[in-house]
Amino acid sequence: MIQIIASDMDGTLLNDKMTISPENAAAIKQAQAVGVHFIVSSGRQYNEIKPLIQAAGINCPMITLNGAQVFDETGKLLSSAPISSQLATKIMHFLKQQKLYFEVITSQGIYSDNRSKRIENFAELLTRINPETPFKLAVSFAAARMELMKINYTDDYFELIDTPHLRIYKIVAFSNEGKKVLDPIKDKIKKIDSLVITSSAASNLEINQINAQKGIALQKYADQLNIPMDNVMAIGDNNNDLSMIRVAGVSYAMDNAIESVKQAAKRLTVSNLQNGVAVAIQQVLKEG
């Protein structure tokens, strides 16, 4: 019997409008009504997730930043796994040497050192999710979203290291050339101890402390509730979902998932544009 359902967001729970569909929201609430614990598991930070689930009328715990921070349904921080100052400095120096644009996600929000690059990357994401959107329109929409998201801009990332009470949880590097550029860089970063490198899209690398993984966070959450992993279900679509797909007793890959996630998952559901999360939840609820 499924007692916990963990779902990724981008490419999984969210549709092409970056919202949770009424169908997905209804299925989640149906599961919660019969006592199933639902938890969001995302590479996004808390302040990006909360408005999205609130808009759908959902209240639930959150695994954020790939597991770097875990919150209960009231917003209380349950655990965190920041990157040490020494490691963060090393990573940032390396990415600068590679001339890659990157962003730093901290306990005080997202930091960028290039506003135009930030907008360009977000526009690229929007056009990838919805190919019918003209790039110029996506840029305009992205610029407006940047204002709403309250991105912090800095001239020098290294000043963050010495900022009192600030912790670095994730560093995300981007390249529109995708794997051709990012794979060799990923291989070099992998050699640095105490780090884990995943991705939420072909155009990025997400760098976290080794314990900041969705699978580790989901395992701890289940342990706290004394629920065996056989009774845990995970749904995802991309590389940063693999750790939770592998530890869950029941796992679903979205139809739009990358091949490695489809290979690792035990089951397949329809795409995020067809309410794949709702379809998967309804299947397991029918199975009892």
Side-chain angles (χ1 to χ4, degrees), residues 1-64 71-73 122 125-133 138 141 145 148 200-201 214 218 221 227 231-242 244-245 248-259 261-262 264-288:
M1 184 180 78
I2 295 301
Q3 294 176 276
I4 298 173
I5 297 172
S7 175
D8 170 53
M9 293 203 73
D10 292 273
T12 302
L13 185 57
L14 301 182
N15 56 25
D16 57 342
K17 298 180 179 63
M18 295 285 201
T19 60
I20 299 171
S21 70
E23 291 84 356
N24 282 345
I28 290 165
K29 292 171 189 174
Q30 182 183 354
Q32 290 177 320
V34 295
V36 177
H37 300 272
F38 179 80
I39 184 167
V40 162
S41 184
S42 176
R44 291 175 179 246
Q45 62 172 345
Y46 178 89
N47 290 337
E48 292 178 284
I49 298 170
K50 190 64 176 178
L52 294 170
I53 63 172
Q54 276 186 326
I58 297 165
N59 187 36
C60 65
M62 297 175 228
I63 295 168
T64 74
F71 298 87
D72 70 10
E73 59 272 17
F122 197 81
L125 170 65
L126 294 175
T127 55
R128 191 172 65 249
I129 292 170
N130 192 350
E132 295 178 2
T133 303
F141 182 68
R145 282 289 296 271
L148 293 173
S200 56
K214 292 183 179 184
L218 182 56
Y221 178 70
I227 292 173
N231 295 358
V232 176
M233 168 178 154
I235 317 171
D237 76 306
N238 222 308
N239 179 268
N240 63 343
D241 300 316
L242 277 169
M244 70 172 182
I245 291 288
V250 176
S251 53
Y252 278 88
M254 305 298 291
D255 186 54
N256 53 285
I258 62 173
E259 191 58 34
V261 172
K262 289 181 177 179
K266 296 179 176 70
R267 300 182 179 188
L268 183 68
T269 185
V270 296
S271 79
N272 63 316
L273 304 184
Q274 298 171 294
N275 308 307
V277 169
V279 171
I281 290 174
Q282 287 161 0
Q283 282 179 351
V284 296
L285 291 181
K286 285 177 182 176
E287 291 168 7

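Everything quoted here is computed from the prediction, not taken from an experiment. All values below were derived from every heavy atom in this structure, side-chain atoms included, with hydrogens, water molecules and symmetry-related copies excluded.
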- prompt: So how far is it from I28 CD1 to E23 CD, rounded to the nearest 0.5 Å?
  reply: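 Those atoms lie 11.5 Å apart.
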
field: Nearest-0.5 Å distance, CG of residue D241 to CE of residue M9
entry: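 Interatomic distance, D241 CG to M9 CE, rounded to 0.5 Å: 12.0 Å.
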
Less than 4.5 Å apart, side chain to side chain, heavy atoms only: is that true for [X] and [Y]?
X: D8; Y: M254; answer: no
X: I5; Y: I281; answer: yes
X: C60; Y: Q32; answer: yes
X: I227; Y: H37; answer: yes
X: V250; Y: K266; answer: no

- request: Decide side-chain contact (heavy atoms from CB on, under 4.5 Å) for M244 and I39; before the verdict, give the C-alpha distance in whole Å, the side-chain angles of both, and the deciding distance to 0.1 Å.
  value: CA-CA 12 Å; M244 70 172 182; I39 184 167; over 6 Å; no

For [X], side chain to side chain donor-acceptor pair (under 3.5 Å) partners two or more places apart:
X: N231; result: Q3
X: Q282; result: none
X: Q54; result: none
X: D237; result: T12

field: S200 backbone acceptor or donor facing N240 side chain under 3.5 Å
entry: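 It does not hold such a pair.
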
message: Could you check whether any side-chain N or O of S251 sits under 3.5 Å from a backbone N or O of A234, counting only pairs where one atom can act as donor and the other as acceptor?
response: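 Such a contact is absent between S251 side chain and A234 backbone.
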
Taking side-chain contact (heavy atoms from CB on, under 4.5 Å) as the definition, give me every residue that meets it alongside [X], ordered by chain and number, with sequence neighbours left out.
X: A253; result: A257, V261, K262, A265, L268
X: N59; result: K50, E73
X: A280; result: M233, I235, Y252, T269

If you take all heavy atoms of [X] and [Y], which pair is closest and at what distance?
X: A56; Y: I20; value: CB-CB, 3.9 Å
X: I258; Y: N239; value: CD1-N, 3.5 Å
X: S21; Y: N275; value: OG-OD1, 2.7 Å
X: G236; Y: I245; value: N-CD1, 3.9 Å
X: G11; Y: N256; value: O-ND2, 2.8 Å

- prompt: Among all residues two or more places apart in sequence or in another chain, which pass the ring-ring contact (aromatic ring centres under 6.0 Å, His included) test with F71?
  reply: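 Result, ring-ring contact (aromatic ring centres under 6.0 Å, His included) vs F71: Y46.
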
task: Let me know which of N272, T19, N24 forms a side chain to side chain contact (heavy atoms under 4.5 Å, CB included) with L13.
output: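 Between L13 and the candidates, side chain to side chain contact (heavy atoms under 4.5 Å, CB included) is satisfied uniquely by N24.
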
- request: With side-chain contact (heavy atoms from CB on, under 4.5 Å) as the test, would you mind laying out the steps for I4 and L218 before giving the verdict?
  value: CA-CA 9 Å; I4 298 173; L218 182 56; 4.2 Å; yes

- prompt: Could you walk me through whether D10 and M18 pass the side-chain contact (heavy atoms from CB on, under 4.5 Å) check?
  reply: CA-CA 8 Å; D10 292 273; M18 295 285 201; 3.8 Å; yes

- request: Scan for salt bridge (charged side-chain N to carboxylate O under 4.0 Å, His left out) pairs involving residues 279-288, sequence neighbours excluded, and state none if there are none.
  value: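 Sorted pair list: R267-E287.
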
message: Quick test of your reading: applying salt bridge (charged side-chain N to carboxylate O under 4.0 Å, His left out), list the pairs with at least one residue in residues 25-40, sequence neighbours left out, ordered by first then second residue.
response: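 Every pair satisfying salt bridge (charged side-chain N to carboxylate O under 4.0 Å, His left out) with a residue in residues 25-40: there are none.
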
